[in-house]
Amino acid sequence: PWLAVFDPALTGVTSTAPDRALAPLTYMEYNNLQTTQANPAYWVKSTDGINYSPANSDNGNFGSDGYPALDQVTGKVFETSGCANGTALCLNIGTPIDAQGDLCFLDDPASITIGGTSATCPVGTGLITIASGLAGDPDLLFSVASMDSARNLHVTYAVSGAVSGSTSTYQVFTSVASAASNWTQWATPVQVSLAPSNVN
């Protein structure tokens, strides 16, 4: 499981999130490989760090594994993972929809069930592509998302070898997007490792 803590007062930020009165609020994302959906991500929430309740769709969402980030201003959570085609990295954003900290994600339909209770989501725009045309699967290792104090979202990921099996592509890349673009416009990824070093 992966944790993201919403606590704007601790960081000196004024939050506009509808669940700001719950802070500090801990979100935990985990993957349940025992379901029929391919590697869905599940989100739960807690106000005490011990007792958790569902925070998103009972069916799970895109984003099987990876270190999430959280925007202290909006309360949005960010999860990255390899897209379905295996050669692109995608981003899913969860937005708090009520004072209880329930989340709607970009890949949610208009009507979902959270903990057995119906919820209405804004129509999602779908996943955001961070990088495409990669030499291999970006889920070689856990992708890492991190938000800086200027609300720039940084994502670092490792790409597996090309289809040929060459290990020369087993390298690490990073990219960034700003809150000004609602984290939809991503900089060209920069390789931060150096061949022939391999990450696996």
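For this chain, numbers begin at 1 and follow the sequence in order. Heavy-atom basis, side chains included; hydrogens, waters and symmetry copies ignored.
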Quick one: pull up [atom1] in [X] and [atom2] in [Y] and give me the separation to the nearest 0.5 Å.
X	Y	atom1	atom2	result
Asp71	Ile93	CG	CD1	9.5 Å
Asn92	Thr80	CG	OG1	10.5 Å
Tyr42	Asn59	OH	CG	6.5 Å
Lys45	Met28	NZ	CE	13.0 Å
Trp186	Ser178	CH2	OG	9.5 Å
Ser143	Glu79	OG	CD	6.5 Å

Shortest non-hydrogen contact from [X] toward [Y]:
X	Y	result
Ser81	Asp139	OG-OD2, 3.4 Å
Ser146	Ala69	N-CB, 4.0 Å
Phe62	Cys83	CE1-CA, 4.3 Å
Arg151	Trp183	O-NE1, 3.1 Å
Phe6	Pro8	CE1-CD, 3.6 Å
Ile112	Cys104	CD1-SG, 4.3 Å

Exercise for the section: Would you sort out whether Asn56 and Asp102 count as a side-chain hydrogen bond (donor to acceptor under 3.5 Å, both in side chains), showing the intermediate values? Expected result: CA-CA 6 Å; Asn56 78 310; Asp102 292 328; over 6 Å; no
Problem - Sub-4.5 Å side-chain heavy-atom contact between Leu134 and Phe173 - result: no
Problem - Pairwise side-chain contact, Leu153 with Val176, heavy-atom cut-off 4.5 Å (strictly under) - result: no
Problem - Between Asn61 and Asp108, a side-chain donor and acceptor under 3.5 Å - result: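 Per modelled atom types, Asn61 and Asp108 side chains form a pair under 3.5 Å.
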Practice task
Can you run down the ring pair (Phe, Tyr, Trp, His ring centres under 6.0 Å) pairs that involve residues 86-111, sequence neighbours left out, and say none if there aren't any?
Solution key: Trp43-Phe105
Fill in the blank from the handout: Partner of Val13 under side-chain contact (heavy atoms from CB on, under 4.5 Å), picked from Thr11, Leu10, Thr16, is Thr11
Exercise for the section: Kindly indicate, with the supporting measurements, whether the criterion side-chain hydrogen bond (donor to acceptor under 3.5 Å, both in side chains) is fulfilled by Asn182 and Thr184. Expected result: CA-CA 5 Å; Asn182 290 316; Thr184 61; over 6 Å; no
Exercise for the section: Any pair with a residue in residues 18-28 that passes side-chain hydrogen bond (donor to acceptor under 3.5 Å, both in side chains), sequence neighbours left out, goes on the list, sorted by first then second residue, please. Expected result: Asp19-Tyr27
